[in-house]
Amino acid sequence: MKGSKLKKISLVIVALTGLGVVFSQTKHLPKEWQEAALKVYVPPGEYDEFYVFFSGGFNGQIGVHGIPSGRNLRTIPVFSVNPENGYGYSEETRALLMTSHGFIPWDDTHHPELSQTNGVPDGRWLFINANNTPRVARIDLSEFRTVEIIEIPNSAGNHPSSFITQNTEYVVAGTRFSVPIPQKDYPISEYKKWAKGTITFIKVDNSEGEKNDRMDIAFQLLVPGFDYDLAHCGKGPSHGWCFFTSYNTEQAHTLLEINASRKDKDFILAVNWKRAEECLAEGKGKKMKTLYYHNYVDPKTGIAKSEKKTEVTVLLPKDCPGVAYYLPTPKSPHGVDVSPDGLYIVGNGKLSINQPIHSFEKMINAIKNKDFVGEIEGIPVLRYESILHCEVKNICLGPLHTEFDDKGYAYTSCFISSEVVKYDYKTCKVVDRIPVYYSIGHLVIPGGDSAKPWGKYLIAMNKITKDRYLPTGPELPHAAQLIDISGMKMKMLLDFPTHGEPHYAQMIPAELVTKRQKKIYRLEENKHPYAVKSEAEAMEKGVVRKGNEVHIYMTAIRSHFTPDNIEGIKVGDTVYFHVTNLEQDWDIPHGFAIFGAKTSNILIMPGETLTLKWKPEKPGVYPFYCTDFCSALHQEMQGYIRVSPKDANVKLCWQMGNERKCAD
Ligand code: K7E
Ligand code: CUA
């Protein structure tokens with residue numbers, strides 16, 4: 001470690017002194033910024049220490065960056081189509097975006113969550129929610145690809161999602177918007193009559209092996225019609241419980257800004273899912289007819305498929321005493337965060353000046369002693385004073401979210417006062433604060449919501465950047481700010497822009513992810529029905545007409561397609577280019593695009609088969625080409641397809657070099 005640090009520092013010194021440009025920019029830097037520069041500088045060819053996965057917010061994707069450099073490594077498309085690689089456009093991936101409302105090319109992602117084993121992020125998978133049309137996605141981090149999406153019925157505004165239990169037994173989800181369940185036409189003014197919320201527990205299959213149909217809705221808890229905002233599950237002693245903030249317990253349906261802020265306290269809903277499992281085993285759940293989609297990629301063919309599900313198990317709190325309790329929490333709490341030891345539950349009351357920290361042990365005692373102040377629809381309300389561990393007095397303005405480090409400190413983001421506040425969560429004493437620029441939402445620490453925070457860095461995710469970067473018109477980037485939390489005092493290190501609107505993020509030591517990386521898809525394991533394993537096979541299978549459908553078996557290898565001349569296509573045909581990338585080398589994708597196609601290109605990884613669908617509308621000779629600069633002869637990687645009138649009598653033929661074949 002020491003050696004590499006020295007090497008790093010000397011490299012930086014070489015870089016700083018050797019490069020005139022850098023030198024001229026840094027020589028006037030105050031000493032503290034020079035020190036910060038050394039801490040974030042990752043020399044060319046060296047790797048970052050951590051990955052950070054930012055939710056993309058309204059871009060529906062995930063942004064992957066390296067830390068400490070802040071370098072943007074990738075975008076993983078999840079709920080939005082991505083023309084860069086054909087995600088959501090290709091025939092193989094379209095099914096992932098199917099819902100009970102049809103094909104949806106967009107959503108709003110907020111909360112990524114890494115899979116965990118014994119409360120520790122393990123680098124296998126990343127889950128993330130879709131807010132608008134409620135769904136949860138699973139990304140396989142061995143390929144950085146979305147491999148599974150499950151829709152959540154009886155839900156709207158899937159915001160308290162996707163948080164997991166400590167062994168990834170469940171992913172949880174909840175309703176931000178309460179709605180009629182089942183949906184029905186009601187006057188909005190009768191909100192209190194029709195509004196219902198649900199808390200959904202999605203069971204995750206953690207067995208070894210390559211399979212992607214891992215998520216299944218275990219049950220939904222029907223809860224009062226409030227707005228449920230965020231969640232986190234217990235760990236260690238509190239394993240078996242999950243916590244959900246709620247606001248609008250006033251049940252307003254208009255001008256919530258005022259009408260949902262009247263009460264002094266709202267609630268954190270504590271759900272005992274082990275108790276729910278018992279009740280379900282006793283047959284207390286009710287089957288309810290509904291419709292939702294479960295989509296996943298078949299790992300053998302690489303083709304996503306959709307399953308329609310028509311039933312869900314619903315559990316009512318009154319039928320299962322002990323399954324849920326309300327923890328009164330001031331005032332419209334936003335985030336809820338559980339300390340690494342599992343003993344404290346931090347409520348981030350965004351309109352409260354004091355931040356309450358509940359004690360899990362006190363909560364259990366209060367439940368034992370039936371220390372209730374009321375009951376709502378079968379859910380007992382616990383006494384605030386009996387469950388409170390302490391309040392962080394005058395924490396800041398607009399506390400939203402909290403993460404933890406490895407030394408017993410909590411860090412809360414404050415939207416209105418634009419700062420991060422550090423405090424000891426056992427004593428509720430503030431020890432440090434640092435301003436951020438500007439209007440922070442979430443913050444993230446490696447492992448900071450798990451049982452094992454790695455600490456070291458904190459990233460503030462800021463909504464407003466104003467004067468922080470070169471202007472880019474009315475629309476400005478959001479920003480991440482990297483803060484050193486290794487010492488007692490927090491130190492600002494770096495600003496870097498992010499894409500979309502990162503809400504939450506997850507950070508993890510890089511080696512937990514890199515050790516699982518897939519570099520290619522093995523050609524011999526490719527079971528795609530239109531895959532061909534050689535050029536000879538492509539010529540052999542060639543072009544197949546089935547009525548108006550034409551299927552083209554095609555290969556790509558540096559630097560040609562086989563076949564590259566095709567004739568006999570007619571206006572009115574639907575043409576499927578099934579392109580197999582024959583390469584078996586890391587980092588050699590080929591792209592495929594055809595003139596006039598109304599979707600995007602496809603970007604085919606080594607050993608993979610992807611399909612582009614094309615409906616030619618006019619006779620002509622149409623070029624196609626490889627879109628990814630793959631070799632010195634990339635620009636030669638092209639071909640032609642001849643389209644004839646509907647009634648033409650042109651034979652279906654395909655050619656590569658001197659070899660020409662025709663259909664009988
Ligand atoms: Cu606070 Cu959607 Cu988690 Cu944004 S949410 S900040
Ligand atoms: Cu293949 Cu460029």
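All residue numbers in this chain count up from 1 along the given sequence. Given the structure is predicted, the values throughout are model-derived calculations rather than measurements. In listed order, ligands and their atoms are each counted from 1.
- Inclusion of Cys630 in the first shell of atom 1 (Cu) of ligand 2 is supported: an N, O or S atom falls under 2.8 Å.
- Between the side chains of Thr402 and Asn348, at least one donor-acceptor pair of N or O atoms lies under 3.5 Å.
- The aromatic rings of His551 and Tyr576 sit parallel, their planes meeting at an angle under 30°, below the 60° perpendicular limit.
- Separating the NZ atom in Lys533 from the CD atom in Glu524 is a distance of 7.5 Å, to the nearest 0.5 Å.
- For His159, the N/O/S atom at the shortest distance from atom 2 (Cu) of ligand 1 is named NE2.
- Because the distance cut-off is set at 2.8 Å, Thr627 fails to qualify as a neighbour of atom 1 (Cu) of ligand 2, as none of its N, O or S atoms comes that close.
- The atom of His590 that is an N, O or S and sits closest to atom 1 (Cu) of ligand 2 is ND1.
- In this pair, Tyr622 and Phe595 present their aromatic rings tilted. The plane angle is within the 30 to 60° band.
- A donor-acceptor contact closer than 3.5 angstrom is absent between the side chains of Thr75 and Glu84.
- Ring-plane geometry between Phe201 and Trp273 is classed as tilted, the angle between the planes lying from 30 to 60 degrees on a 0 to 90 degree scale.
- Using a 4.0 Å cut-off to heavy atoms of Lys463, the atoms of ligand 1 that qualify are 4 (Cu), 6 (S).
- Protein N/O/S atoms found under 2.8 Å from atom 1 (Cu) of ligand 1, listed by chain and residue number: His334 NE2, His401 NE2.
- Taking a cutoff of 4.0 Å between a charged side-chain nitrogen and a carboxylate oxygen, Asp229 and Arg176 do not qualify as a salt bridge.
- Centred on atom 1 (Cu) of ligand 2, the SD atom of Met637 and the SG atom of Cys626 lie at an angle of 110°, reported to 10°.
- Near His111, the atoms of ligand 1 lying under 4.0 angstrom from a non-hydrogen atom of the residue are 2 (Cu), 3 (Cu), 5 (S).
- Side-chain contact between Tyr170 and Ile202 is absent, with no heavy atoms from C-beta onward closer than 4.5 Å.
- Side chains of Pro477 and Thr498 form no contact here, defined as non-hydrogen atoms less than 4.5 Å apart.
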